[in-house]
K.L.:
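Here you go, one structure.
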There are 2 protein chains.
Amino acid sequence: MTRPHNYYAGPAAMPVEVLEIARNEMMDFGGTGLSVMEISHRTKEYDAVHQGTIDLIKELMGLGDNYKVLLLQGGASHQFAMVPMNLIAPGESADYVVTGTWGKKAYKEANIIAKGRVAATTEVDGVFKTMPAQADLDLDPKAAYCHITSNNTIYGTQWKTFPNAGNVPLVGDMSSDILSRKFDPSPFGVIYAGAQKNLGPSGLGVVIIRDDMLAKCNKGLPTILSYGTHADNNSLFNTPPTFAIYMVNLVLKWIKGKGGVAAIEQQNNEKGKLIYNAIDSADGFYTNTIAPDDRSLMNVVFNLQTEELEKKFVTEGQAAGFVGIKGHRSIGGIRISMYNATDLASVQDFVDFMQDFAKKNG
Amino acid sequence: MTRPHNYYAGPAAMPVEVLEIARNEMMDFGGTGLSVMEISHRTKEYDAVHQGTIDLIKELMGLGDNYKVLLLQGGASHQFAMVPMNLIAPGESADYVVTGTWGKKAYKEANIIAKGRVAATTEVDGVFKTMPAQADLDLDPKAAYCHITSNNTIYGTQWKTFPNAGNVPLVGDMSSDILSRKFDPSPFGVIYAGAQKNLGPSGLGVVIIRDDMLAKCNKGLPTILSYGTHADNNSLFNTPPTFAIYMVNLVLKWIKGKGGVAAIEQQNNEKGKLIYNAIDSADGFYTNTIAPDDRSLMNVVFNLQTEELEKKFVTEGQAAGFVGIKGHRSIGGIRISMYNATDLASVQDFVDFMQDFAKKNG
């Protein structure tokens with residue numbers, strides 16, 4: 001069958017070329033005669049995948065030698081717990097800038113484990129439609145860290161310029177836009193991301209931690225929940241999710257082959273222009289009320305005039321081969337998730353569909 | 001290339017038929033036109049995989065409705081922490097029967113988190129060569145649970161009859177022999193297993209928990225580390241490792257197709273007879289000093305007379321197509337891991353190799 005346009009929010013589209021390699025190597029990985037998921041994590045064949053993945057993340061993100069890359073099990077929800085567990089020392093608290101559902105969950109978790117403090121929230125009547133300005137942030141200069149969510153999958157907002165927390169290290173949940181654009185990592189003490197949007201299949205969390213943060217992690221934690229355990233053992237303390245890491249490795253090579261993050265970013269900018277232009281030029285048939293500077297290039301949310309029309313849009317869209325276009329169950333509407341693996345031609349096809357639908361139903 | 005005989009201890013051999021299905025469905029899962037790892041965990045297509053996996057585990061293991069099956073990220077090392085975190089109430093302690101490296105790690109973890117007590121250990125001079133008799137157990141009738149490791153991958157020992165802890169619920173780490181044999185689950189309050197031996201790829205932990213244990217789990221835990229979170233959400237609180245679960249689903253269907261656990265157990269018994277007989281009948285060329293009743297049917301360890309000869313055995317064995325036969329780095333010697341996916345013919349080929357090697361070097 002023809003591949004549909006995959007707009008799921010995560011697990012999400014993977015590059016076809018990557019899936020084809022995984023298929024072709026399923027019965028014989030690297031001349032072993034075995035699948036990569038059947039070989040020990042202590043073999044030289046797997047080690048090349050493991051180390052290669054760590055090295056490529058560092059290379060593609062331009063991380064200095066003062067950052068360690070950890071490949072852990074569990075996604076972002078797991079890091080909501082590990083971050084405060086490791087990084088808020090007794091008597092300290094951490095700042096949270098809450099710009100969506102996931103940031104709110106991260107904040108709540110910090111208060112189960114230690115002490116979190118809201119440095120800003122854009123929640124109004126239970127929803128998040130805006131992003132805070134730098135002046136809106138009430139920052140604690142003694143905070144253990146300042147946590148942000150770089151992109152909000154549900155509300156379709158994104159930090160275009162990261163906030164300045166002064167001497168307080170940023171901790172960034174970048175699950176939904178890691179490797180989608182270039183940025184200066186130096187203000188970040190920790191960056192984490194679940195793999196299932198821009199990196200690969202679900203089941204893996206990438207944690208990037210700066211050496212000074214690693215040095216001040218709390219001691220006496222459960223072994224498996226301590227960043228130190230994994231840093232000391234190069235993420236081989238326990239059996240890593242080898243197949244997921246192999247898939248991420250293939251995705252990273254694909255990004256590099258495309259020209260790296262700069263080239264990917266350019267494509268993401270073009271995709272964004274295309275679709276937001278289609279929304280804004282539809283004479284109100286489609287609406288997105290997010291300030292242009294805050295609009296996400298990964299998850300585009302919009303509404304039609306009525307719920308009924310939205311339902312029709314989803315049904316006809318699916319029939320036309322666009323899957324995963326229904327908005328998150330908590331806010332409804334339409335949502336298009338267009339991560340790195342979504343190409344410009346797919347977005348163009350979707351825009352054509354939007355214009356056609358507007359013409360017929362306007 | 002010809003598939004080698006895969007004797008890795010984990011990640012380990014998977015049924016060829018399962019890998020072939022995964023390969024054939026890589027670009028189009030269930031008529032979606034997408035890989036199973038690209039679709040949302042909230043779709044009906046994935047839900048059939050998820051629920052099917054839970055149902056098949058219950059069916060194949062003969063679990064009553066008083067057990068919940070959780071599909072979690074992280075393997076056994078993760079459960080070393082989650083078990084005491086959830087199940088030892090303030091003021092309580094838990095018993096640990098320590099019969100190998102992994103049981104010892106589980107015990108240590110209990111003491112980081114709460115309080116563990118050794119009910120028995122068979123460690124002598126840093127190694128574990130025996131299993132305790134029921135009379136050797138110093139059980140605390142007030143223990144929160146009694147933890148055992150059903151099979152010891154490094155030392156090649158296995159509980160053939162599980163110990164009786166009276167009214168204290170057993171907690172079993174069955175990572176390396178789950179679904180390899182029939183047993184009565186009723187004394188177990190919790191059974192857990194990393195997937196990468198008998199179930200599928202690494203990156204998934206299966207936790208089976210009885211309702212009475214679930215009811216008394218500690219409150220106020222980090223959300224993601226609470227069994228209650230996952231039980232209440234049918235393991236869909238956060239994005240599950242969908243591809244790993246899909247692979248486990250295929251393995252479970254394969255077991256069912258073979259005739260279920262009873263048929264698998266019979267094959268495992270035959271494999272065990274074959275190889276232990278080859279060791280015992282080699283006139284001392286090969287030695288395994290474990291009491292016959294305690295010998296593992298999953299991991300067979302043995303020695304040759306000298307380390308030099310063992311090295312030669314490994315080198316020639318690998319050249320003959322037997323991979324993963326070197327003993328664990330902590331004890332040396334030879335180790336053959338023959339989980340469910342290893343068939344009798346493979347073990348027969350290995351026994352032929354052993355006999356040939358003994359003839360040439362004896």
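Chain identifiers are assigned alphabetically (A, B, ...) following the order of the sequence lines, protein sequences preceding nucleic acid strands; residue numbering begins at 1 within each chain.
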K.L.:
Could you check if a side-chain atom of A:M26 sits within less than 4.5 angstrom of a side-chain atom of B:I21, using non-hydrogen atoms only?
P.N.:
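No; the side chains remain at least 4.5 Å from each other.
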
K.L.:
Checking A:H41 against B:Q196 for the side-chain contact (heavy atoms from CB on, under 4.5 Å) test, could you report, in this order, the C-alpha distance in whole Å, the side-chain angles of both residues, the deciding distance, and whether it holds?
P.N.:
CA-CA 11 Å; A:H41 56 298; B:Q196 67 268 22; over 6 Å; no

K.L.:
What is the minimum heavy-atom distance between B:L221 and A:I112, and which atoms define it?
P.N.:
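Heavy atoms only, the tightest pair is O-CG2, 3.7 Å.
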
K.L.:
Measure A:A22 against the heavy atoms of chain B and call it side chain, backbone, both or neither at under 4.5 Å.
P.N.:
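Both backbone and side chain of A:A22 come within 4.5 Å of chain B.
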
K.L.:
Taking all heavy atoms of A:P201 and all of B:M37, pick out the closest pair and write down the distance.
P.N.:
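Closest approach of A:P201 to B:M37: CB-SD, 3.9 Å.
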
K.L.:
What residue in B:N238, B:L72, B:I113, B:T239 has the most heavy-atom pairs under 4.5 Å with chain A?
P.N.:
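Of the options given, most contacts go to B:T239.
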
K.L.:
For the interface with chain A, which of B:P241, B:A244, B:G75, B:G200 has the highest count of heavy-atom pairs at distances below 4.5 Å?
P.N.:
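So the answer, after comparing B:P241, B:A244, B:G75, B:G200, is B:P241.
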
K.L.:
Take atom NZ in B:K44; do more than 12 heavy atoms of anything else shown fall under 6.0 Å from it?
P.N.:
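Atom NZ in B:K44 is not packed in, count stays at 12 or less.
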
K.L.:
Side chain from CB out, backbone as N, CA, C, O: work out which of these in B:A81 comes under 4.5 Å of a heavy atom of chain A, or both, or neither.
P.N.:
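B:A81 touches chain A through side-chain heavy atoms alone.
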
K.L.:
Is it the backbone or the side chain of A:P84 that comes under 4.5 Å from a heavy atom of chain B, or both, or neither?
P.N.:
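When you check distances to chain B, no heavy atom of A:P84 falls under 4.5 Å.
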
K.L.:
One pair to check against side-chain contact (heavy atoms from CB on, under 4.5 Å): A:H78 and B:L225. What are the steps and the verdict?
P.N.:
CA-CA 8 Å; A:H78 210 90; B:L225 299 171; 4.2 Å; yes

K.L.:
Within the 4.5 Å heavy-atom criterion, are A:T223 and B:K105 side-chain neighbours or not?
P.N.:
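Sidechains of B:K105 and A:T223: no contact.
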
K.L.:
May I ask you to say whether A:R23 pairs ionically with B:E25, meaning some side-chain N is under 4.0 Å from a carboxylate O?
P.N.:
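No, no charged N to carboxylate O under 4.0 Å.
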
K.L.:
Select one option (side chain, backbone, both, neither) describing which atoms of B:I245 are under 4.5 Å from chain A's heavy atoms.
P.N.:
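It is neither, since no heavy atom gets under 4.5 Å.
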
K.L.:
Given heavy-atom pairs under 4.5 angstrom as the criterion, report whether the side chain, backbone, both or neither of A:V323 touches chain B.
P.N.:
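For A:V323, the contact with chain B is made by the side chain alone.
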
K.L.:
Quick one: closest heavy-atom pair of A:L19 and B:M27, and the distance?
P.N.:
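Heavy-atom minimum between the residues: CB-SD, 3.6 Å.
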
K.L.:
Do A:I39 and B:Y8 make a side-chain contact, defined as non-hydrogen atoms from C-beta onward lying under 4.5 Å apart?
P.N.:
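Answer yes - side chains close enough.
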
K.L.:
Let me see the working for B:R3 and A:T32 under side-chain contact (heavy atoms from CB on, under 4.5 Å), right down to the final yes or no.
P.N.:
CA-CA 8 Å; B:R3 282 181 73 79; A:T32 59; over 6 Å; no

K.L.:
Heavy-atom pairs under 4.5 Å with chain B - which of A:G203, A:S202, A:G205 has more of them than the others?
P.N.:
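Ranked by contacts with chain B, first place is A:S202.
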
K.L.:
Do you know which of B:G10, B:A12, B:S35 has the most heavy-atom pairs under 4.5 Å to chain A?
P.N.:
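Among the listed options, the one with the most contacts to chain A is B:A12.
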
K.L.:
List the atom of B:N6, the atom of A:E38, and the distance in Å for their closest heavy-atom pair.
P.N.:
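Heavy-atom minimum between the residues: ND2-O, 3.1 Å.
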
K.L.:
Do you know which two heavy atoms are closest between A:E109 and B:P222, and how far apart they sit?
P.N.:
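So the minimum-distance heavy-atom pair works out to OE2-CA, 3.1 Å.
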
K.L.:
Does any heavy atom of chain B fall under 4.5 Å from the side chain of A:E20, the backbone, both, or neither of them?
P.N.:
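The answer is both parts of A:E20.
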
